[in-house]
Amino acid sequence: MAEKELRSPVGGAGAGYLLEFRETGVYITIFPDSNGILFELSDIRQILQECGVVDYDVVSLARIVRESSGEAHKLSDSFLSPEEMKALLEGEKKPEGEAAEEAPLSEEEAALAAIPADIIVEISRDRMQATVRFDTRKGKGLRSVSDIQEALEAKKVVFGINLNAIKKGAQALNPFVAAQGVPPQHGENAVIERKFDLGVKGRPVIDKYDRVDYKNLNLFVLVKKGDVLAVRIPQTQGVPGRNVLGAEVMARNGRPLPLPLGKGTAQQGENTVIAAIDGQIVDSKNKIAIDPHLVIKSSVGVGTGNIDFDGSVEIKGNVEAGFMVKATGDIEIGGVVSGGDVHGRNVFVSGGVNGMGRGQVTADADVRVSFAENARIEAGQDIYISDVSLHSNIRAGRHIYVEDRRGQITGGLAAAGEEIRANVIGNQACVVTNISVGIDPTLQNKYNHACNEYKETKKRLTEITQMLNTLSKIDVSKLPPQRVEQINSLTRSQFPLVGKLKRQEAEIAAMAEELSHMKNGKVSASSIIYPGVRITINSLKKNIQSELQRCTLTVQGDEVTVGLYDG
């Protein structure tokens with residue numbers, strides 16, 4: 001080795017193997033299979049041949065590959081240079097057109113040829129493949145097909161045996177795959193395909209002239225009775241496999257999914273959900289429901305009385321003073337609300353709200369109106385006013401937007417949890433206009449109440465756990481039946497409390513996330529803010545003394561600051 005030029009190492013940890021050509025010999029390292037590479041002995045032998053390493057102990061190499069210890073092992077004392085390899089390969093080729101003369105065997109070679117080579121059966125780690133190799137150190141004689149079959153049987157290889165491969169392998173001493181197992185086929189999970197698209201909900205209609213119709217906001221995705229809502233593609237069963245040892249390899253079956261049947265839907269056949277009534281789609285992921293859609297072609301007043309409906313409501317006319325419209329779904333009003341009470345999930349009023357000092361519009365989510373005058377409007381999320389808000393009390397959990405047409409807020413109070421955006425705030429007459437952004441007080445109260453309930457639940461669970469720990473030291477068999485029943489009742493009461501605690505933790509986390517977004521409240525005016533406007537951001541107040549042009553007000557440190565308009 002010292003007389004021959006040493007080679008650079010071949011492979012590495014990433015390749016799964018490493019060949020090192022040192023002065024003392026050739027060393028090989030097979031790394032553990034944590035990198036996802038599983039080597040067969042034939043793979044390593046091919047690599048060794050390409051690197052000129054031909055003189056080594058095959059049995060020792062098989063052991064090194066099987067152990068995959070990640071440690072270097074000496075494999076050979078020498079290796080061939082590229083020139084020596086080329087000469088060796090050319091010497092093995094027979095000249096074209098003539099038969100190469102076979103050199104007579106020596107006595108030692110003749111003796112080895114008379115002794116059959118040892119048969120080595122290697123079974124892969126997953127037991128899906130059996131490979132036959134030959135150890136020629138003690139003998140180089142060929143083995144018969146029956147010899148190979150007996151060796152496989154001795155290793156308990158009984159399935160997937162390839163007789164043709166064995167016959168071909170018996171004619172030479174080259175390694176070959178003698179048996180191949182059948183891998184399992186895992187099943188596919190069930191899938192629910194929805195036949196509707198809620199992505200169009202809330203998008204204003206655009207006519208053929210590319211004009212946006214803010215009076216038609218697609219607040220409802222409606223279906224008719226019998227419409228197909230969803231189709232379930234059932235799960236498939238897995239097909240077991242079998243390894244070369246004859247053992248069955250289990251396959252995973254696909255996971256089933258229940259049909260998302262909700263209120264107002266029905267099952268058709270085994271895998272189809274249809275609408276059982278006309279109405280609006282409400283999709284909560286796990287269930288699809290249909291809200292019935294009530295259409296009132298006139299105004300809500302003396303002719304109709306109050307409306308209290310389990311579903312969505314569409315009113316073609318007005319809501320007159322003193323009358324109420326209440327719905328669990330969305331409410332769409334084509335006219336105006338004149339001193340009436342309206343409460344729904346989302347409320348859309350084409351003609352605006354004239355409060356007349358009475359009545360209120362309330363929505364769990366969003367409110368969209370044309371204008372607000374002497375009105376009271378509350379929304380759990382956002383309020384959109386397309387023209388003006390005059391001397392009104394409007395409150396939103398998140399945002400208030402008054403940016404279309406005149407886009408003006410004058411007089412009254414506008415309060416939002418996160419942001420208020422308008423074109424103009426106040427007026428030239430310096431009318432007092434109160435603007436407030438920051439943490440939504442309604443949400444803050446809900447958060448505090450939820451935290452108190454959580455503490456009480458946790459305290460109760462701790463008390464029960466301590467009582468049961470104490471009672472566990474008592475011999476229950478000596479207690480009267482009534483006492484035993486009390487202990488059992490305490491034990492059963494733990495589980496609902498644990499579930500309640502988890503639900504409360506999730507609710508508190510969700511509310512805390514909402515509150516964290518509200519801490520950075522801001523007020524933006526794309527045109528002007530007039531004197532007389534009083535702005536409160538996160539409890540910090542600022543009275544506007546002079547006109548402010550195109551600006552955004554935020555909190556920096558301990559004061560309200562005026563910056564450039566960020567729209």
Side-chain angles (χ1 to χ4, degrees), residues 1-86 88-89 112 115-140 143 148 151-152 154-157 169 172-181 183 243-245 247 249:
M1 290 291 293
E3 298 177 357
K4 188 180 297 184
E5 183 179 353
L6 296 179
R7 291 185 182 176
S8 300
V10 177
Y17 72 94
L18 175 65
L19 285 180
E20 296 174 283
F21 301 87
R22 306 177 185 174
E23 293 183 354
T24 56
V26 180
Y27 288 76
I28 186 169
T29 303
I30 304 296
F31 295 94
D33 61 358
S34 59
N35 55 8
I37 300 175
L38 295 176
F39 282 104
E40 296 292 342
L41 185 58
S42 59
D43 302 327
I44 298 299
R45 295 193 68 182
Q46 180 64 33
I47 294 169
L48 291 171
Q49 183 176 351
E50 293 172 355
C51 294
V53 183
V54 296
D55 184 16
Y56 57 88
D57 185 355
V58 177
V59 176
S60 298
L61 177 62
R63 176 181 55 78
I64 295 170
V65 172
R66 184 172 59 255
E67 292 176 351
S68 299
S69 64
E71 298 178 356
H73 297 272
K74 184 176 180 181
L75 185 64
S76 176
D77 292 324
S78 63
F79 66 94
L80 299 179
S81 66
E83 293 77 13
E84 292 172 333
M85 281 295 299
K86 182 177 179 181
L88 177 63
L89 292 174
L112 286 173
I115 301 174
D118 289 338
I119 300 174
I120 300 172
V121 177
E122 294 180 350
I123 298 175
S124 61
R125 287 193 177 111
D126 59 4
R127 299 181 179 180
M128 281 292 172
Q129 183 172 288
T131 303
V132 172
R133 308 186 189 282
F134 299 96
D135 184 1
T136 58
R137 291 180 299 171
K138 297 180 181 179
K140 296 185 178 181
R143 303 302 296 260
I148 297 173
L152 291 171
K155 283 286 190 174
K156 300 182 180 180
V157 176
L173 297 179
N174 298 322
F176 65 93
V177 176
Q180 186 75 50
N243 62 31
V244 295
L245 302 184
V249 180

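Under the rule for a salt bridge (Lys or Arg N to Asp or Glu O under 4.0 Å), E71 has no partner lying at least two apart in sequence or in another chain. Judged as a salt bridge (Lys or Arg N to Asp or Glu O under 4.0 Å), and not counting sequence neighbours, D118 has no contacts. Residues meeting the salt bridge (Lys or Arg N to Asp or Glu O under 4.0 Å) test with R143, sequence neighbours left out: D147.
Within a 6.0 Å radius of NZ in K156, no more than 12 heavy atoms belonging to other residues, nucleotides or ligands are found.
Closest non-hydrogen pair, R127 versus N243, comes out as O-CB, 2.8 Å. Scanning all heavy atoms of the two residues, the minimum distance from R45 to L61 falls at CG-CD2, 3.8 Å. Nearest heavy-atom pair across A179 and V157 is CB-CG1, 3.7 Å. Heavy atoms only, all atoms of each residue included: F31 and S68 are closest at O-CB, 3.7 Å. Looking at every heavy atom in both residues, V244 comes nearest to G181 through CG1-N, 3.6 Å. The minimum heavy-atom distance linking L173 with A117 is given by the pair CD2-CB, 4.1 Å.
Looking at K74, its side chain does come within 3.5 Å of a backbone N or O of T24 through a donor-acceptor pair. Distance alone, capped at 3.5 Å, is enough to place a donor-acceptor pair between the Q180 side chain and the M128 backbone. At least one donor-acceptor pair under 3.5 Å links the side chain of S76 to the backbone N or O of D55.
One finds the CD1 atom of I148 at 4.0 Å from the CZ atom of F134 (value rounded to the nearest 0.5 Å). Note that CG of L48 is 9.0 Å distant from OH of Y17, once rounded to the nearest 0.5 Å. Rounded to the nearest 0.5 angstrom, I120 CD1 and D135 CG are separated by 4.5 Å. Expressed to the nearest 0.5 Å, how far CD of E20 lies from CD1 of I28 amounts to 10.5 Å. With rounding to the nearest 0.5 Å, the separation of CZ in R63 from CG in D57 is 8.5 Å. Rounding to the nearest 0.5 angstrom, the gap separating the CG atom in L75 from the CG atom in L19 is 8.0 Å.
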Quick one, T136 with V58, criterion side chain to side chain contact (heavy atoms under 4.5 Å, CB included). Give me CA distance, side-chain angles, the key distance, then yes/no. CA-CA 9 Å; T136 58; V58 177; over 6 Å; no

Check step by step if side chain to side chain contact (heavy atoms under 4.5 Å, CB included) holds for I44 and I64. CA-CA 10 Å; I44 298 299; I64 295 170; over 6 Å; no

